[in-house]
Amino acid sequence: MSALPQLERQQEARVSPIIQYLTGLLERFAALDDGAVASYIPELARSNPDHFGICIATLDGAVYEVGDTRVPFTIQSMSKPLTYGLALERLGEDIVHRRVGVEPSGDPFNEISLAPATGAPVNPMINAGAIACAGMVAALDDAPLTLLLEAYSRYAGRAVAIDDAVYLSEKATGHRNRAIAHLLGSFDLLDVAPEAAVDLYFRQCAVSVDCRDLALIASTLANGGMNPVSRERAVGERVVRGVLSVMTTCGMYDAAGDWLMSVGLPAKSGVSGGVFAVLPGRLGIGVYSPALDERGNSVRGVAVCRALSKDLALHLVRPGERTAPPVRGQHELGALRSKRVRQPAQREAIVSASAATAIFELQGELGFMAAEAISRRLTDARTQPDLVVVDLLRVARSDRGGIEFLSALGESLNGVGGALAVSGAAGDLELELPDVVLRFVELDEALEWCEDELLGRVGHLIAPTAVPLERHELFSALDPTELERLAQSLGTLEAGPGTVLVRAGDQAGEVFLVTDGALSVFAPVTGRRLSTLSAGMTFGELGYLERGPRTADVRADTDVCCTTLPYEVLDDLAVSDPRLHAKLLHGFARVVVTSLKTANAEVAHLTR
Ligand code: GLU
């Protein structure tokens, strides 16, 4: 009973600070009751001026909503960038821009702003330009409305539909838009009948959305065209650049300049009272409140966007911005090694030839800045490294410049007898690289490849050699009689490549002494390679020391041969031959110390 008030307090304390901040904005601007609901489309006059919602969606799929974020309203002019994007995607810039320009007009939304010579609307965010775009989409397909609704739905991450009452209301009264469509027809700018173009336009304006949808549409654009919640691509990244460019210069009716200065976000508003704003690479914002200022923008929508931009420093232009350096770490194979355990002579050979290697761990974006940093370091190097590994594990995004650079680097290294390998690339990185560039899932594998290349160059044997039992690390301190005494209790196990000898979680019953071949140890769950084992090495001792189940998977890389030492034999020795037992325990301690040292070195490297 007494726990209850405390629990409530804890829950209260858990309200997200983002929600608290947005709620504060809602309270602050609810008092703003200037402006009036649009009424030139009769159906819009029915909206409630008190409705007020704010929503922010981040690129990792977090959505913060306060107020009336689920009240439906029609998208109106906020459809214009989406239809423009659809036309761009299907027809390409050249064709689209013959029909509609990209210059800001500074005119109201329904102004008939057409270029004097061609009659082409000056940009796709005014009605004339938007109707021209609707005309292009109408000519694309037998069912253009389906095409359009499917595209909008991908942006919103849910199936959107038309509000028929609003559509019919505008269809019955939209004489000016109809006139614009006919004017476009007269300039030969439509491939369909003017009525078909304007009808699709009326329908696209009547698509029903809510404030949350606006934030998701905005965050999809912020995310380069992929909806960050559904992870579905709505539109290609190159198209998004065009869409956001016209939103930046023409998105807020005749207030575009003032908007860019004071808010600094590509945005689009609509006469229904919605506005969405995009901070590329970061987040999307949706605001809804139906009362409009004299320019047709939501009074509260503008106020909220101004406040958000100022309070949270969301302006597109960031004069002081410094991103994390693209090269997080650069190494030679002398300092960074794969988890393949090498014999001392091999290790020495690798270290002494390691100046031929360069390993780059990148972070952030694989673009020009990363390319510049890699090429500078490669050309600055004393020697000319020709075995290069680029690890992309911490790279969230690549652009064409970065990919082209990597391709060219791969070709040129290949030309001088070297090679480039990339590792760690996430599936959605869209890396199109030529075949000469080697691909590895893990950096560890790329490092192993690089070590093998070096060993090959200096003529070292890569395959492990067999180690007789008397020279095995665990038995080397035993005298011949002890060895003989043990021999009768030992077993042997032979296995082919790929065989799992030990599985994490299994009951443990014996220690394995590898006498021939090579194995790898993998972490449970992640499947990451933790280390490798070769002839002369031991595994399975932890189960004996801990009296617990196996802690990792061990799999044969080659044909292997192991000698097995059962735990009960060890337990018997503790009583019958404590001296031999102590020698074996000492051997286990050496094994554990060696792997602890390796682990410490790795932790030191990772946390440097
Ligand atoms: N359907 C409206 C019109 O063309 C959209 C206007 C707007 O939202 O700016 O008049």
Side-chain angles (χ1 to χ4, degrees), residues 35-47 72-84 100 104-114 121-135 137-138 145 148 152 160 162-184 194-211 213-214 217 246-247 250-256 259 267-277 286-299 301-302:
V37 165
S39 56
Y40 75 101
I41 299 173
E43 203 48 36
L44 290 185
R46 292 157 56 98
S47 37
F73 53 90
T74 50
I75 192 168
Q76 297 301 335
S77 274
M78 293 172 284
S79 62
K80 290 171 179 172
L82 310 191
T83 300
Y84 174 56
V100 55
S105 69
D107 292 330
F109 71 101
N110 59 0
E111 193 59 45
I112 307 178
S113 315
L114 307 177
V122 290
N123 72 63
M125 299 295 110
I126 52 163
N127 286 7
I131 295 167
C133 289
V137 171
L145 184 62
L148 195 134
Y152 288 22
V160 294
I162 287 177
D163 178 331
D164 285 326
V166 176
Y167 159 63
L168 294 171
S169 179
E170 185 168 17
K171 188 179 163 83
T173 55
H175 308 303
R176 190 179 176 95
N177 285 331
R178 189 164 282 116
I180 290 174
H182 283 275
L183 211 52
L184 294 174
E195 284 300 330
V198 75
D199 187 65
L200 188 62
Y201 172 73
F202 288 150
R203 287 180 199 264
Q204 75 174 51
C205 288
V207 167
S208 179
V209 290
D210 61 25
C211 184
D213 293 330
L214 294 186
I217 292 168
V246 294
M247 281 170 61
C250 325
M252 296 301 284
Y253 305 117
D254 39 339
W259 178 266
K268 189 70 202 87
S269 58
V271 291
S272 48
V275 49
F276 69 80
V287 189
Y288 172 61
S289 197
L292 308 180
D293 62 19
E294 64 289 349
R295 283 158 157 168
N297 291 320
S298 163
V299 172
V302 170

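Model, not experiment: these values are computed from the prediction. First listed ligand is number 1; within each ligand, the first listed atom is number 1.
Atoms of ligand 1 lying under 4.0 Å from at least one heavy atom of Asn177, given by number and element, are 3 (C), 4 (O), 10 (O). Ligand 1 places these atoms under 4.0 Å from at least one heavy atom of Gly270: 8 (O).
For ligand 1, the polar-atom distance check finds an N/O of Glu170 within less than 3.5 Å of one of the ligand's N/O atoms. The shortest N or O to N or O distance between Cys205 and ligand 1 is not under 3.5 Å.
Using a 4.5 Å cut-off on side-chain heavy atoms (C-beta onward), Leu214 and Val287 make no contact. Side chains of Thr173 and Tyr40 form no contact here, defined as non-hydrogen atoms less than 4.5 Å apart. Residues Tyr288 and Asp210 form no side-chain contact, since every pair of their non-hydrogen atoms from C-beta on lies 4.5 Å or further apart. Taking 4.5 Å as the limit, some side-chain heavy atom of Leu114 sits within range of a side-chain heavy atom of Leu184. Side-chain contact check for Met252 versus Val275: some heavy-atom pair is nearer than 4.5 Å. When side chains are defined from C-beta on, Pro81 counts as touching Phe276, because their heavy atoms get closer than 4.5 Å. Looking only at side-chain heavy atoms (C-beta outward), Tyr152 and Gln204 come within less than 4.5 Å of each other.
With a heavy-atom cut-off of 4.0 Å, Asn127 touches ligand 1 through its side chain alone.
Looking only at protein heavy atoms, the nearest one to atom 10 (O) of ligand 1 is Tyr40 OH, 2.6 Å. Protein heavy atom closest to atom 2 (C) of ligand 1, with residue, atom name and distance, is Gln76 OE1, 3.1 Å. In terms of protein heavy-atom proximity, atom 7 (C) of ligand 1 is closest to Ser77 OG, 2.5 Å. The closest protein non-hydrogen atom to atom 4 (O) of ligand 1 is Tyr201 OH, 2.6 Å.
Not a single heavy atom of Phe202 sits less than 4.0 Å from an atom of ligand 1.
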